Each structure stands twice: as structure tokens, then as C-alpha cells.
There are 2 protein chains.
Amino acid sequence: MTIEHYILAVISTRPCTGYDIKQEFEHPGAGMYWGISFGSIYPKLKKLESEGLIETLHHEETGRGKKVYDLTSKGWRELQKWLKESPQPPILKDELLIKVSFWNHVMLEDREGVIPHLLKRKKETEETLAYYTNWPKNGVSTISEFGMYTIQYVQKKLQAELEWIDETIEAVKGPAKPPAQDPSNLIDKKKERIKKALELEKSDES
Amino acid sequence: MTIEHYILAVISTRPCTGYDIKQEFEHPGAGMYWGISFGSIYPKLKKLESEGLIETLHHEETGRGKKVYDLTSKGWRELQKWLKESPQPPILKDELLIKVSFWNHVMLEDREGVIPHLLKRKKETEETLAYYTNWPKNGVSTISEFGMYTIQYVQKKLQAELEWIDETIEAVKGPAKPPAQDPSNLIDKKKERIKKALELEKSDES
DNA sequence: TGCGACATGTAAAAAGTTACATGATTAG
DNA sequence: CTAATCATGTAACTTTTTACATGTCGCA
């Protein structure tokens with residue numbers, strides 16, 4: 001994902017400042033927004049202006065000089081070109097999934113230790129879902145027909161996540177299950193590896 | 001997400017080489033895996049070894065010297081500690097969502113131009129879903145009880161995505177809808193902004 | 001009058017990718 | 001015998017974050 005194009009897209013909805021663009025990226029993340037620092041935004045705005053894709057509409061003389069940018073005709077065309085290009089595959093990194101996935105490889109005697117992680121995510125996901133549900137009714141934001149479709153996607157995805165969290169908490173509270181598949185018996189071997197490593201440590205200490 | 005901890009987690013399932021670790025990251029992305037280059041992996045392995053978190057089990061003398069790493073007792077403890085820490089919020093960047101979201105801000109006369117993007121994603125998502133469905137039955141991979149929970153999450157999420165894609169294609173093929181919310185009339189203003197920018201361009205050319 | 005939000009910017013550091021260099025092993 | 005896969009590593013480059021520096025405006 002090229003930040004440059006995302007900045008152009010944000011400006012396409014209305015002329016705005018670097019600070020405004022940062023605000024757009026503050027929305028709790030569900031694929032549409034993620035954090036970008038001022039240290040990224042301001043240099044990019046300078047670059048985009050020097051390339052003639054955006055221009056300064058107003059430049060206040062007071063203070064540090066608030067600058068409102070808008071797209072140039074070149075900027076509109078670049079944005080149209082980018083929108084038509086096939087989107088990159090999504091980038092997803094979810095530490096919760098990784099921790100759950102590796103949990104009983106490592107935390108042998110502590111099945112239920114993941115549950116606090118799942119409950120915390122449940123709360124966060126409920127909050128994000130509430131945010132996206134209220135967004136189109138807040139009386140302030142502009143949400144186009146197509147913007148509404150992406151909100152529907154986010155809602156669907158978050159609801160699926162909440163269902164999964166509840167199911168998984170129940171499953172973890174229940175009895176341990178055998179591995180879904182382990183043709184090389186790696187899970188048994190791993191138990192021995194842990195045991196051996198911890199025994200070595202004890203003999204080192206003595 | 002700290003790559004270091006992910007590398008420790010991968011090694012926890014079995015002793016492995018840098019090359020093996022890279023393979024683990026090749027699985028089509030659904031939150032559990034993403035691309036990491038050799039240029040990241042090998043320096044990290046050196047760093048982890050110098051910190052005493054992993055050790056070289058075998059070091060072949062032939063060729064470039066294949067090195068098989070395993071966790072040390074310090075490494076096992078570090079991994080346990082990390083697993084217990086609350087996971088970071090997920091990182092999500094989906095260009096498709098952004099392009100859909102901004103589409104009719106910019107592509108005024110071309111509602112159906114997004115459909116190819118949606119169909120392409122549909123195909124990719126179906127492939128990823130098929131991959132995750134077959135993974136626990138491939139007779140080769142180790143999938144623990146908890147690993148299976150994360151596979152269930154990915155399946156749920158991808159199914160929700162497929163449903164959304166179908167619904168959205170139908171909606172886009174149907175008649176245009178008014179904005180879900182636009183209190184400042186930004187969408188009408190935007191049409192004027194585009195028109196003005198393109199007219200300026202014409203007068204520049206003449 | 002003092003705090004929080006508004007507002008811009010830079011330099012150094014961190015993190016990761018790309019491109020390159022090298023060579024062994026294995027399956028057809 | 002040759003192409004693909006296995007296998008390690010470095011240097012230069014790119015991208016982005018962090019930390020800092022600076023100052024205004026509105027409101028309680």
C-alpha cells in the first residue's frame with residue numbers, strides 16, 4: 001500500500017491539512033485505516049506538492065502556517081489511474097492468532113492462560129463494531145454509497161470474529177483435544193525438548 | 001509484531017533452518033503468516049543466537065553450511081513470557097477496501113469499474129479458503145488443537161468476506177444509492193471540484 | 001492561566017526489502 | 001546434464017517511526 005495514494009484519496013473527499021489526514025488514520029483499525037505518523041505525512045505532502053499532484057489552497061500566515069491542500073488535475077488523474085489498478089493483496093498481522101496458534105506448543109500446563117487474551121480482544125472488537133455501527137449515524141461524517149459497503153464488510157468480519165472468540169473460549173475451557181494432524185509426532189517430541197532444555201538449566205544452576 | 005518472537009515460535013514447533021522459517025511465512029496470508037525476506041531472517045537468527053535464545057544444533061561442513069537451530073532454555077522462557085503478554089492490536093491494510101471506499105468519490109461515471117477488483121479478490125479468497133480447509137488434512141503438517149482454532153477463525157473470516165463480495169457486486173450492479181450520510185454535502189462539492197480541476201486543465205492546454 | 005487540541009516540521013534511528021554473491025543437492 | 005530447490009549471507013536502499021522542536025487557539 002502506497003501511502004501517497006491513500007493521502008490523495010483522503011484529500012479527494014475534501015481539501016485538508018496534514019493534521020486532518022492524520023485524524024483520518026486514527027479510526028480503529030479494521031483494514032481501512034491504520035496508524036501513520038506525522039513524520040510520514042508531512043514529507044509525503046511536500047513530495048506530492050513538488051510532483052504537482054496536490055497544491056496549497058490556503059496558507060495561513062499565523063503560527064506555523066496552516067496549509068490546506070487540494071488535488072490538482074494531475075492529482076485527480078493519478079488517483080483515477082490508481083483506483084483502476086488491481087489492488088494489492090491485503091496485509092494482515094494478528095499477534096492474537098499467532099499466540100493462540102503456538103500456545104499449547106509452549107504453555108503445556110496452562111490451557112486456560114489464553115482466555116484473558118481472547119476476552120480482551122472480545123472487548124476491543126465489540127468497541128470497534130460499535131464504532132463502525134454508529135459512524136454512519138453520527139451526523140458529521142461523510143459516508144458515500146460505496147463507503148457504506150466497506151462499513152458493512154467490517155461489521156460482518158467483526159461479528160464473525162466475536163462468534164469465533166466465544167466458541168474458542170468454550171472449547172479451551174472444555175477437555176483437551178488431540179492434535180488435528182501430527183504425522184511426525186512433533187507435538188510429543190516438543191514436550192521432550194522442553195523437558196530436556198529445562199533439565200539442562202537445572203543442572204547448570206547446581 | 002516482533003519478528004524475533006515469531007521466529008522463536010516457529011522454532012518451538014521443531015528445530016529448523018533459516019530456510020525452513022522462510023517457508024513457514026509463505027502460507028497465503030490470513031493474519032497468521034506474511035512475507036519475510038531472507039535479508040530479515042538470517043541477521044535475526046544471528047542476533048537471537050548471540051543473545052543466547054537459540055543455539056545451533058547441527059552445522060554441516062559441506063556447502064554453505066546448513067545450520068539447524070533450536071531454542072535454548074532461555075529461549076523457551078522468553079517465548080513463554082511473550083505468549084503471556086497481551087497481544088498487540090491486529091494490523092490490517094486492505095487496498096481493496098480503500099479503493100471501494102473512495103471509488104465513487106472519484107470515478108463518477110464508472111460504478112461498475114470496481115467489479116473486476118471484487119471478482120479477482122473473490123477468486124483469491126476462494127483459493128485461500130481451500131488452502132486452509134485442506135491444510136489439516138494434507139498428511140504432512142503438524143496442527144495442534146490450538147492451531148486448529150486459528151484455522152477455524154480464518155475460515156470463518158474468509159467465508160464472511162466471500163458473502164460480502166457477492167452482496168456488494170449485486171449492490172453495485174443495481175441502481176445508485178444516495179450517500180449513507182453527508183451533512184456538509186461534500187459529495188456534491190467534490191463533483192464541482194473535479195469538474196473545475198478538469199476545466200482548468202483544458203484551458204491550460206489551449 | 002493553564003491545559004488540551006490544533007498545527008508543522010526535521011533528524012536520527014529502526015526495521016525490513018531488494019539485489020546480489022555463492023554453491024550443494026536432487027529429481028527428471 | 002540441467003533445472004529447480006535447498007541453503008546462507010551481506011550491502012545498499014527504502015520506508016516508516018520516534019523523538020524532538022516550535023508555536024497558536026479556544027475554553028474553562
Side-chain angles (χ1 to χ4, degrees), chain A residues 1-8 10-11 14-27 29 33-51 54-70 82 88-89 91-93 95 98 140, chain B residues 1-8 10-11 14-27 29 33-51 54-70 82 88-89 91-93 95 98 140:
Chain A
M1 172 75 204
T2 30
I3 289 177
E4 279 95 333
H5 286 111
Y6 197 172
I7 291 176
L8 293 181
V10 171
I11 298 174
R14 67 177 198 285
C16 55
T17 67
Y19 196 86
D20 292 333
I21 291 166
K22 168 85 169 151
Q23 304 307 103
E24 287 293 324
F25 285 86
E26 295 302 310
H27 296 294
Y33 303 103
W34 61 90
I36 295 188
S37 61
F38 287 124
S40 287
I41 291 172
Y42 288 113
K44 291 288 180 202
L45 286 171
K46 286 210 160 178
K47 195 189 153 212
L48 289 169
E49 189 167 33
S50 78
E51 289 169 351
I54 59 175
E55 64 192 349
T56 308
L57 263 193
H58 316 293
H59 189 177
E60 287 178 12
E61 296 303 312
T62 59
R64 293 279 290 222
K66 177 175 158 175
K67 278 190 209 167
V68 181
Y69 291 100
D70 198 2
W82 177 73
Q88 298 293 119
I91 293 167
L92 278 127
K93 300 185 195 181
E95 239 186 59
I98 292 160
V140 180
Chain B
M1 172 74 205
T2 30
I3 288 177
E4 279 94 334
H5 286 111
Y6 196 173
I7 290 175
L8 293 180
V10 171
I11 298 174
R14 68 177 198 285
C16 54
T17 67
Y19 196 87
D20 293 333
I21 291 165
K22 168 84 167 149
Q23 305 306 104
E24 286 293 324
F25 285 85
E26 295 302 311
H27 295 296
Y33 304 104
W34 61 90
I36 294 187
S37 61
F38 287 125
S40 287
I41 292 171
Y42 288 113
K44 291 287 180 204
L45 284 171
K46 285 211 159 176
K47 195 188 154 214
L48 289 169
E49 189 167 33
S50 79
E51 289 170 350
I54 60 175
E55 63 191 351
T56 308
L57 264 192
H58 315 292
H59 189 177
E60 287 179 11
E61 296 303 310
T62 59
R64 293 278 291 219
K66 178 174 158 177
K67 278 192 211 167
V68 180
Y69 291 100
D70 199 3
W82 177 73
Q88 297 293 119
I91 294 167
L92 277 127
K93 300 184 194 180
E95 241 187 57
I98 292 160
V140 179

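Model, not experiment: these values are computed from the prediction. Order of the sequence lines fixes the chain letters, A, B, ..., with proteins taken first and strands second; residue numbering starts at 1 for each chain.
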Taking the minimum atom-to-atom distance to the side chain of A:Y42, which one of C:dG16, D:dG9, C:dT10 wins?
C:dT10
Partner residues of B:E4 under the salt bridge (charged side-chain N to carboxylate O under 4.0 Å, His left out) criterion, sequence neighbours left out:
B:K44, B:K47
What is the distance, rounded to the nearest whole Å, between atom NZ of B:K47 and atom C1' of C:dG16?
13 Å
Side-chain contact test, heavy atoms from C-beta onward, threshold under 4.5 Å: evaluate it for B:L45 versus B:I21 and give yes or no.
yes
Take the protein atom CH2 of A:W34 and the nucleotide atom P of D:dT17, then report the distance between them rounded to whole Å.
10 Å
Between NZ of A:K46 and P of C:dG9 the distance, given in whole Å, is 5 Å
In short, the helix from C:dT1-D:dA28 to C:dG28-D:dC1 is bent end to end, axes from five pairs each side, to 10°, by 40°
Nucleotide C:dT17, atom C1' - distance to CD1 of B:I3 in whole Å:
11 Å
Let's go through B:Y6 and A:I98 carefully: what are the C-alpha distance in whole Å and the side-chain angles of both, what is the deciding distance for side-chain contact (heavy atoms from CB on, under 4.5 Å) to 0.1 Å, and is it a yes or a no?
CA-CA 8 Å; B:Y6 196 173; A:I98 292 160; 4.0 Å; yes
Qualifying residues under side-chain hydrogen bond (donor to acceptor under 3.5 Å, both in side chains), relative to B:S40, sequence neighbours excluded:
none
With sugar-phosphate meaning primed atoms plus P, OP1 and OP2, does B:T17 contact a base, only sugar-phosphate, or nothing at under 4.0 Å between heavy atoms?
sugar-phosphate
Taking OP1 and OP2 of D:dT16, is either one under 4.0 Å from a side-chain nitrogen or oxygen of A:S37?
no
5′-ward residue of the pair B:G39/B:D20 relative to DNA chain D:
B:D20
Interatomic distance, B:H59 NE2 vs D:dT8 P [rounded to whole Å]:
9 Å
I'd like to check A:R14 versus A:D20 (side-chain heavy atoms, cut-off strictly below 4.5 Å). Are they in contact?
yes
B:E55 meets the side chain to side chain contact (heavy atoms under 4.5 Å, CB included) criterion, sequence neighbours left out, with B:T72
B:T56: which residues meet the side chain to side chain contact (heavy atoms under 4.5 Å, CB included) condition with it, sequence neighbours left out?
B:E49, B:H59, B:K67, B:Y69
Looking only at side-chain N and O atoms, does A:K22 come under 4.0 Å of OP1 or OP2 in C:dA7?
no
B:K22: which residues meet the salt bridge (charged side-chain N to carboxylate O under 4.0 Å, His left out) condition with it, sequence neighbours left out?
B:E26
Mind checking what makes ring pair (Phe, Tyr, Trp, His ring centres under 6.0 Å) contact with B:Y19, not counting sequence neighbours?
B:F38
Atom CD1 of B:I36 and atom P of C:dT17 are separated, to the nearest Å, by 7 Å
For B:L57 and D:dA7, give me the distance from atom CG to atom C1', rounded to whole Å.
17 Å
Rounded distance (Å) that lies between atom P of C:dA7 and atom CG of A:L45:
14 Å
Enumerate the protein-to-nucleotides 4-6 of chain D contacts in which both atoms are nitrogen or oxygen and the separation is below 3.5 Å.
unit_1: D:dC6; atom_1: OP2; unit_2: B:Y19; atom_2: OH; d: 3.1

